[in-house]
There are 2 protein chains.
Amino acid sequence: MSQENNDASLCIENQSCFSLYSAANAMVRSYRTALLDLDLTYPQYLAMMVLWAEDGISVKALGEKVHMDSGTTTPLLKRLEGKGLLERVRCKQDERSCLLQLTDEGKSLKSRAQEIPKSMACQSPLTQEESDQLKALCDKLRLKISA
Amino acid sequence: MSQENNDASLCIENQSCFSLYSAANAMVRSYRTALLDLDLTYPQYLAMMVLWAEDGISVKALGEKVHMDSGTTTPLLKRLEGKGLLERVRCKQDERSCLLQLTDEGKSLKSRAQEIPKSMACQSPLTQEESDQLKALCDKLRLKISA
DNA sequence: GTCATTTAGATTGCGCGCAATATAATTGTG
DNA sequence: CACAATTATATTGCGCGCAATCTAAATGAC
């Protein structure tokens, strides 16, 4: 395919990393439409999912679950607080720690969010089997390279 | 695993999209070290690979190959120009179009970059087969959802 | 040729993602 | 108890990623 490049190793079309990178961007892009209704970005949606599953956890615990550091979580959580979806309160036992409490509005958003996984699964071009396979490969990759 | 969430659909641990997203971020992060020596970010490295394979192409053609729009490519290419790796020249036949010409420095960077795919492949936790599988799934996903 | 349409690229604005650093609270050590 | 080390979060700065908008050049329709 490539005329000027005799070795294929530096060719983006051959690199699984580039495919991974592009697919992730495309995925986030396709979530945008679905999340417009909830007024959430994809990373914000991830944070909300964590809190819907486990309200009241610390910033640190949430950061570990979504694999983000405080440079990403702090401003993101401030934006969610600004939208009135949660409150950030200092932990009494450990004043360093900051606990995240969903507001009523934040909790009520969960019911509207139930549609998101359904609609995304519907428009996914992958079968359930392929999706599971993709997940397993991505998990293996992430776990090993960030170790 | 989750105590407060009786349905699994809104749980990030079950979502292949979250795995894809996290794996892509981890991958870019792991490239950072390898690319430090070349003074390139991962997206800049992608652009350079395209130009190493096909010097002189337009901004539009490059954007299509790396799947980025002008809001991303324009500042990225200006940074590469600022580093002295390429020049952006208006096309004589079509003044709207902007052609990208590698400088000698930009061309010579290719030889040093040959090490990158090798070292990344070495530290990859995936077998060649798994990597191919991941690429196929990502390509299928991206092609269909951005159609 | 005139004018609407299309096209290539640039600009603006916002939200990540993350390295590096700072701050303040807590814990560990002697 | 003093004080070094650790820990949780916040801040700063930079480079994407992309929607929305703008400009200017080229193309198409009549």
Side-chain angles (χ1 to χ4, degrees), chain A residues 18 21-33 35-36 38-48 57-83 88-100 142 145-146, chain B residues 18 21-33 35-36 38-48 57-83 88-100 142 145-146:
Chain A
F18 173 59
Y21 174 78
S22 302
N25 285 338
M27 181 274 293
V28 169
R29 219 180 300 135
S30 85
Y31 262 93
R32 210 181 309 273
T33 326
L35 290 172
L36 249 181
L38 303 182
D39 188 31
L40 292 176
T41 65
Y42 183 69
Q44 288 167 5
Y45 170 63
L46 292 178
M48 291 303 292
I57 64 171
S58 69
V59 169
K60 171 150 177 69
L62 181 134
E64 280 168 0
K65 282 184 185 278
V66 295
H67 311 310
M68 294 171 186
D69 79 349
S70 70
T72 303
T73 54
T74 297
L76 185 152
L77 292 167
K78 280 185 178 177
R79 270 173 227 120
L80 291 177
E81 187 177 38
K83 290 178 208 250
R88 302 179 309 138
V89 290
R90 285 287 159 183
C91 176
K92 292 279 181 276
Q93 285 74 33
D94 187 341
E95 289 280 344
R96 291 171 305 179
S97 186
C98 185
L99 303 183
L100 303 165
R142 183 187 58 75
I145 65 181
S146 53
Chain B
F18 173 59
Y21 175 78
S22 302
N25 285 338
M27 180 275 292
V28 169
R29 220 180 300 136
S30 85
Y31 261 93
R32 209 181 308 273
T33 326
L35 290 172
L36 248 181
L38 302 183
D39 187 31
L40 291 177
T41 65
Y42 183 69
Q44 287 168 6
Y45 171 62
L46 292 178
M48 291 304 291
I57 64 171
S58 68
V59 169
K60 169 146 179 72
L62 181 133
E64 280 168 359
K65 281 183 186 279
V66 296
H67 311 308
M68 294 171 184
D69 79 349
S70 71
T72 302
T73 54
T74 297
L76 185 152
L77 292 167
K78 280 186 177 175
R79 270 172 227 122
L80 291 178
E81 188 177 38
K83 291 179 208 250
R88 302 179 309 138
V89 290
R90 285 286 160 183
C91 176
K92 292 279 180 275
Q93 285 74 35
D94 187 341
E95 289 280 344
R96 290 172 306 178
S97 186
C98 185
L99 303 183
L100 303 165
R142 183 187 57 76
I145 64 181
S146 53

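Here is how names work: the chains are called A, B, and so on, in the same order as the sequence lines, proteins then strands, and each is numbered from 1.
Separating the CG atom of A/L35 from the P atom of D/dA19 is a distance of 13 Å, rounded to the nearest angstrom. In this structure, A/L36 places its CG atom 16 Å from P of C/dC14, rounding to the nearest Å. Following rounding to the nearest Å, B/L76 (CG) and C/dA10 (P) show an atom-to-atom distance of 12 Å. Atom pair A/K83:NZ and C/dC14:P shows a separation of 13 Å (rounding to whole Å applied). Distance, A/E95 CD to C/dT27 P: 12 Å, rounded to whole Å. Whole-Å rounding puts the B/R79 CZ to C/dA10 C1' distance at 14 Å. If you measure from atom CG of B/L80 to atom P of D/dG15, you get 11 Å, rounded to the nearest angstrom. Rounded to whole Å, atom C1' of D/dA19 lies 15 Å from atom CG of A/D39.
The two residues A/S97 and A/S58 have their closest heavy-atom pair at OG-CB, 3.6 Å.
Using a 4.0 Å heavy-atom criterion, one finds that B/N25 contacts the sugar-phosphate atoms exclusively.
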Contact letters for nucleotides 5-13 of chain D, in which S counts primed atoms plus P, OP1 and OP2 and B counts the base, heavy atoms under 4.0 Å:
--BSSBB--
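Relative ring orientation between B/H67 and A/F18 is described as parallel, the plane-to-plane angle staying below 30° on a 0-90° scale split at 30° and 60°.
Distance check, rounded to the nearest 0.5 Å: CG of B/L77 to CG of B/L62 gives 6.0 Å. Here the CZ atom belonging to B/R79 is positioned 12.5 Å from the CD atom belonging to B/E81, to the nearest 0.5 angstrom. Taking CZ of A/R142 as the reference point, atom OG of B/S22 lies at 5.5 Å (rounded to 0.5 Å).
Sorted by first and then second residue, the salt bridge (charged side-chain N to carboxylate O under 4.0 Å, His left out) pairs involving residues 22-31 of chain B (not counting sequence neighbours) form an empty list.
In this structure, B/N25 contributes its side chain and B/V28 its backbone to no donor-acceptor pair below 3.5 Å.
Residue whose closest nucleotide on DNA chain C sits further toward the 5' end, between A/Q93 and A/Y42: A/Y42.
Proximity of A/Q44 to the phosphate of C/dC16: a side-chain N or O atom is located under 4.0 Å from OP1 or OP2.
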